[in-house]
Each structure stands twice: as structure tokens, then as C-alpha cells.
Amino acid sequence: MNSINTDVAGYEDAATGARNPTPAAGAAQIPATGAPEARGLLGVVVAVALVAALYFAHDVLIPITLAVLLSFVLSPVVRLLQRIRIPRAPAVILSVLAALGVVGALGTLIGTQVAGLTADAPQYAQTIETKIGSARVYATEHLASVTSMFAPQHSAKASARTGAPGTLTGPSPQTGAQRRAVPVEVVNNGTSPLTVARSILGPVLAPLETLLIVLVVAIFILLQKEDLRDRFIRLFGSTDLHRTTLAMDDAGQRLSRYFLSQLSVNTTFGVVIGIGLWLIGIPAPAMWGILAGMLRFVPYIGSFLASVAPAALGAAIAPGWSLAIEALALFFIVEPITGYVVEPLLYGHSTGLSPTSVIVAAIFWSWLWGPIGLILSTPLTLCLVVTGRHVKSLEFFDVLLGDRPALTPVESFYQRVLANNVDEALAQAEALLEHETLVDYYDGVVLQGLRLAADDEARGTVDAAKESSMARSMLLMIDDLADHARPTEGEAPIAAGTVACVAGRGPFDEAVTAMLGQLLRASGVEARRVSHDAVSREAIASLDLSGVDVVAISYLHLAGSPAHLRFLVRRLRTKAPRARIIVGLWPEDVKGQSDAQARAAIGADDYAVSLGETLAKIAAPARSHAAAA
């Protein structure tokens, strides 16, 4: 199926809290409903109202939906006609007339094929009855042989109980009973010519009415495309008009290309099936080919549903089963070739929908709108997913129905560490390291995930035992990734002497120092890990920093005034006066990172916001010194 290449939608995780003041004595306490609960309840009510509206207003909504999908299909044709200097209104009319001509031709062809099948229906019914009778006789004889083989004693006992053959053991016929006459009354139903005409013309006029509505609505959608887009943007994306406009145009073009491509593939599939059934000898091959092309809009099961009727007809027109088997073989050969060869070469293999959502959507839309809902289930669901990827307020459609991971790599990593699942975290890391370096993985995934952990620890949502468990898991994972630590290709090793990696006072700063030390050792630098306890006021006197050229301090969470960091830098400056001190303040927006005056107050020589930047700042003076020498 189709692959719609869209940018990965952003995922946000916000935590808010509120504290209600204690009510005065004697005041009535009224329980307040929280905003998240109220929004959740409102969402449920809106969802139920929408489903009810879809169900009860299907007579109105089905033509409008068909018109919207038709506008997506005809939009590339309209653009093509406009490129050859045809004004918009004539281009729309020509496109709709062409679509109407195709629909009329298909309807005429189906009517002709149905008429031919109706004429031969008695013969097909007789063949089916003969085969059913043969199958019943075969099953009876086989069952009798099996019964006589495995239960002879049971048959003898049953014969003894029922008496000799030919003896009537049932109740005797009723004698002397008076049969009551059943009164029959002839009632004139009073059928008028108008009623007869309505019963005959109703099934014909209803599709024509729906077709007329579809064409009229499609014309207005194609003529007012920009105006409808602007109104949609006003409803769902007015806060960022530029980005939302670009997103909606991109989504509309992608959907148009997708529907046109899928229509082309399914039409070709139907033509191939029709020709194949004609060569096999199945009656009405054109009708079955059209049905196969339509049902193929339902992924996974549509093609096989379309194969049932031709196979049954093949069994009805011949004494044997060869035609039915050949018809089934045709579908089972053409469908994999189309799905696994043609579609990936043309527009990719994935629809952008998860397999579960495709099946659930087919069931849901079939329940709402019947067979037409089954055919429209995938296009409708795909429209919701693409819209959710571009409109923030509708992002839940992409999360629920799309095939992209529900969690970003950062969130997935944090969830695995939170669950103490080191093996799954390592599996994710190895998959990502196939396409990126270890320092990029540490900066882009691990460091961001540890920031989430540090924020949760600062809010008090993670207890001390969990912090220790997560820290141990992180250290084990970093040790297992040592084989992936290697210098960048073409880059000379860092000749920076000895670097002391000092951990901040947070529970996850030890993991950051372990990552930094691992990367430095891979670059040829002697790195020493120093715990936060070793640089405390009580223990720093016994700390040996002789021979250390660079001191790198790591802080994942630095809330409020960074006074403790300033005093830590002073203590380290006293112990290693010749060493350069680099502070890694990984949250970029904390005080001390963006304020030059606060930086000067802290007293470090340099600052970094990523491990890659820290490596570069450690390497730069060393390489400059080597070049000067």
C-alpha cells in the first residue's frame, strides 16, 4: 500500500499541578472536577455524538464523503488541465464529466453482465443442486462406513431397542378425528399503479440521486478548494497560519497522489482479473473484474472477498471443480504480485496505517454505512491520519491509527529505563546505532531521556529506590555499549592529557560522566570518573587531581540559584589551579547557561550543552597547542 512520507509529528509531555487553598471553617466543601477529567469526559461525549451523527445521518454524509474523495481523485486532473491554459471552472466541469462517463460506462457494462447471468441462472442452480446432492451422498456413505467400523456393538443394541426392520414403533395414525376446515379469506391489497411504479423506480432512482449529489458537491469542492482550506485552517490551526497552510497543502497533494495511484493500481488489478477470468471461462468476467478492483480498496481481505463469487460461479457452470480452483488460483497469484511487487515500486508498501487500525476501521465503517463503508474505510481512515499528522489538535488520530511508533525514541528509552528493562533499551540502541554514531545517540536520545528522569526526580514522582535502580540500569547499559565507542572516521585522537569527569549532585549525573568518560577514552584521552561525594567539602581535601588538564562537570538538573555549582567550581579550582574547568549544563535554558553575567559568577572556563560539544571544547585547546608546538 501507499507510503506517505511526512515529518514525524512532535510529541509533548507536560505535567501541571494545582493546589487548592484550605476552605475556611464551616464553609461548604464542593468537590471540583479537574481540568483533565473534564476534558476527558467532554471528549467522550463528543465522540459518542459524532458516532451517532454518522450513523443516523448516513443518507446525507455518504454522498458528501464520496464527493470529498472524488475531489481528491480529480484534483490532479484539474491541475493538469489548468497547466494547459484551461480556466478553473471549465477544467472542473471537464474532469467531472469524464468521471461521470467512466461511471456510466461501468454501470452499463455491469448491467449487461448481470442480464447474461440471470438468463442462465436456472442452469447454474441445477448444477449446484447436483453437486450438493453428490456431496450429501458421499458424506452419508462415508459416515455410515466410519460408524459401522468403530461402533458395531452400538448399532446392534440400537437395532434391538427399536425392534425388527419394517416394524412401526412410532405412534399410530390418528383415527376418527374430525379435521377442522381452515377458513380462507381473499383480501384485495389495493395496489395502485403509483405504488407499483414507486416500487420499481425506487431502487433505480436512489443511486441516481446519490450520484447527482456526489457530482454537485464535488464540483463545488473543486471550485472552492482554497476557501474550504482556509476555513479548515481557521478552525484547527489559526495560531500558526504559515505552517498550517503549508501542512494542509502538502496533505491535500499527498492524499490526491495516493488516491490517484491506488485507483490506478486497483483498476489495473481489476482488468487483469477480468481478463484472467475470461480466459478461464468464468461468465461475466468484466463484472467480477470491476468488483475485484472496488473491493481491493479494503486491504488484506478485499481481494479474497472478491474471489468468492467467481469461484462459486465456476463451481456452478461445470460438473467438476477445476474452474473454481483456477479462479481461486488467479486471485492468489495476482494479489501477492500486486501487493508486494507493483505497489512498493510505484508508491511504497505502507498505507501509513497500522494493521490493527485497518481491520478495526473496516469493521467500524461497515457497521455505520454497510458495504459502501467497507470500501471507504481505508480512504476515510487515511484522511484522518494525515490530517492528524499536520493539525496539532487532531494529532490523536495519528497516534491511534497511524503506523508510526506511539513514543519517540527519547520517550521509548526513558520508558525502558523506568521499567528497568536494560535488554530492550540495548536493542533499541543497537538499532539506532546502525545509522548514527554513539555520541549522536547519547546526545539525541540518552541525554534527553535522562533529562526527563531528572525532571521527574525534581518533582518527586520518582522515589529513592527507583532512582538507584534506574541509575544502575543506565550504568550497565553504558558499559555494554563500549564496543560502539570509536572516534569519528578521519578525525585524529584528542591529545588532551588527563580529563577528570566530575558528576553533579543529581542521581543521574553519574551516568552522564560515564558516557563522557567512555567517549573520551575512545578518542585516546585518559579519563577519570569522580563521584559527587568525592568533591564534597568533607572529602575534597583527600582528592588527588594532580596531572589533570581538564575538569568536566556534568549537571542534568540545575533549578533555582546555582550557588552550589559556584562553590564546587571554587573547590576544584583550588585543587587543580592549572586545569581548565568545563561545565556541562545540559538543560540549555537554566540560569547560568544563557546569562553571561551568571556564567562569570560561576567561574568556569567554558560551558557546553551536549557531549559532542564537550568533546570539541576539550579537543580544541589541545590541538591548538599541538599545532603551535
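Note that the structure is predicted; figures quoted are calculated from it, not measured.
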State which residues pass side-chain hydrogen bond (donor to acceptor under 3.5 Å, both in side chains) with Ser75; sequence neighbours excluded, sorted by chain then number. Arg79, Lys225

Show the numbers, then the answer: is there a side-chain contact (heavy atoms from CB on, under 4.5 Å) between Glu326 and Leu323? CA-CA 5 Å; Glu326 290 174 2; Leu323 288 181; 4.0 Å; yes

Please give me the minimum heavy-atom distance between Val214 and Ala67, naming the atom from each residue. O-CB, 3.5 Å

Interatomic distance, OG1@Thr65 vs CG@Leu70, rounded to 0.5 Å, equals 12.0 Å

Go through the steps to decide whether Trp369 and Leu61 satisfy the test side-chain contact (heavy atoms from CB on, under 4.5 Å), and finish with yes or no. CA-CA 10 Å; Trp369 292 351; Leu61 295 177; 3.7 Å; yes

Kindly indicate whether the side chain of Ser303, heavy atoms from C-beta on, has any atom under 4.5 Å from the side chain of Leu295. no

Mind checking what makes side chain to side chain contact (heavy atoms under 4.5 Å, CB included) contact with Leu260, not counting sequence neighbours? Val73, Pro76

Do Leu66 and Leu376 pass the side-chain contact (heavy atoms from CB on, under 4.5 Å) test, and can you show the C-alpha distance, the side-chain angles, and the key distance before you say yes or no? CA-CA 8 Å; Leu66 290 173; Leu376 296 179; 3.7 Å; yes

Name all residues meeting the side-chain hydrogen bond (donor to acceptor under 3.5 Å, both in side chains) criterion together with Asp423; count only those two or more places apart in sequence or in a different chain, and write none if there are none. none

Could you state the interatomic distance from CD (Gln262) to CG (Leu382), rounded to the nearest 0.5 Å? 8.0 Å

Could you tell me which residues satisfy ring-ring contact (aromatic ring centres under 6.0 Å, His included) with Trp367, sequence neighbours excluded, listed by chain and number? Tyr55

Taking C-beta and beyond as the side chain, do Trp365 and Leu54 meet within less than 4.5 Å on heavy atoms? yes

For Val68, does its backbone N or O pair with a side-chain atom of Ser71 as donor and acceptor, under 3.5 Å? yes

Can you tell me if Phe220 has over 12 outside heavy atoms packed within less than 6.0 Å of its CZ? no

Could you check whether any side-chain N or O of Gln448 sits under 3.5 Å from a backbone N or O of Val445, counting only pairs where one atom can act as donor and the other as acceptor? no

Roughly how far, to the nearest 0.5 Å, is CG of Leu94 from CG of Leu74? 11.5 Å

Can you list the residues that meet the side-chain hydrogen bond (donor to acceptor under 3.5 Å, both in side chains) rule with Ser357, with sequence neighbours excluded? Ser354

Ile273 CD1 to Ile282 CD1 distance, which is reported to the nearest 0.5 Å: 11.5 Å

Could you measure the distance from the CD atom of Gln224 to the CD1 atom of Ile219? Nearest 0.5 Å is fine. 12.5 Å

Those residues that, when tested against Ala284, pass side chain to side chain contact (heavy atoms under 4.5 Å, CB included) (two or more places apart): Gln113, Leu117, Met287, Trp288

So salt bridge (Lys or Arg N to Asp or Glu O under 4.0 Å) across residues 331-342, not counting sequence neighbours, yields Arg296-Glu335

Looking at every heavy atom in both Ala315 and Trp321, which two are closest together, and how far apart are they? CB-CZ3, 3.7 Å

Apply side chain to side chain contact (heavy atoms under 4.5 Å, CB included) to Ile363 and list each qualifying residue two or more places apart in sequence or on a separate chain. Ile359

Residues that Thr268 engages under side chain to side chain contact (heavy atoms under 4.5 Å, CB included), provided they are two or more places apart: Val272

Partners passing ring-ring contact (aromatic ring centres under 6.0 Å, His included) against Phe304 (at least two apart in sequence or in another chain): Phe332

Flag side-chain contact, heavy atom, 4.5 Å: Phe297 against Ser377: no

Using the test side-chain hydrogen bond (donor to acceptor under 3.5 Å, both in side chains), find all partners of Asn420 that sit at least two apart in sequence or belong to another chain. Ser473

Exercise: identify the closest heavy-atom pair between Pro90 and Ile86: CB-CG2, 4.0 Å

Residue pair Asp456, Tyr414: steps toward the side-chain contact (heavy atoms from CB on, under 4.5 Å) verdict: CA-CA 11 Å; Asp456 286 346; Tyr414 180 44; 2.4 Å; yes

Sidechain-backbone polar pair: Gln428 side chain, Pro409 backbone, donor-acceptor under 3.5 Å: yes

Nearest heavy-atom contact between Thr338 and Phe269 is OG1-CD1, 3.7 Å

So, do Leu368 and His58 sit near enough that their side-chain heavy atoms are less than 4.5 Å apart? no

Closest heavy-atom pair and its distance - Thr381, Ala361: OG1-CB, 3.1 Å

Heavy-atom side-chain contact between Leu400 and Leu384 under 4.5 Å: no

By salt bridge (charged side-chain N to carboxylate O under 4.0 Å, His left out), Asp227 pairs with (sequence neighbours left out) Arg231

Calculate, to the nearest 0.5 Å, the distance between atoms CG and CG belonging to Leu313 and Leu277 respectively. 9.5 Å

Against Ile213, only a single residue in Thr210, Val217, Val216 fulfils side chain to side chain contact (heavy atoms under 4.5 Å, CB included); can you say which? Val217

Shortest non-hydrogen contact from Pro285 toward Gly274: CB-O, 3.3 Å

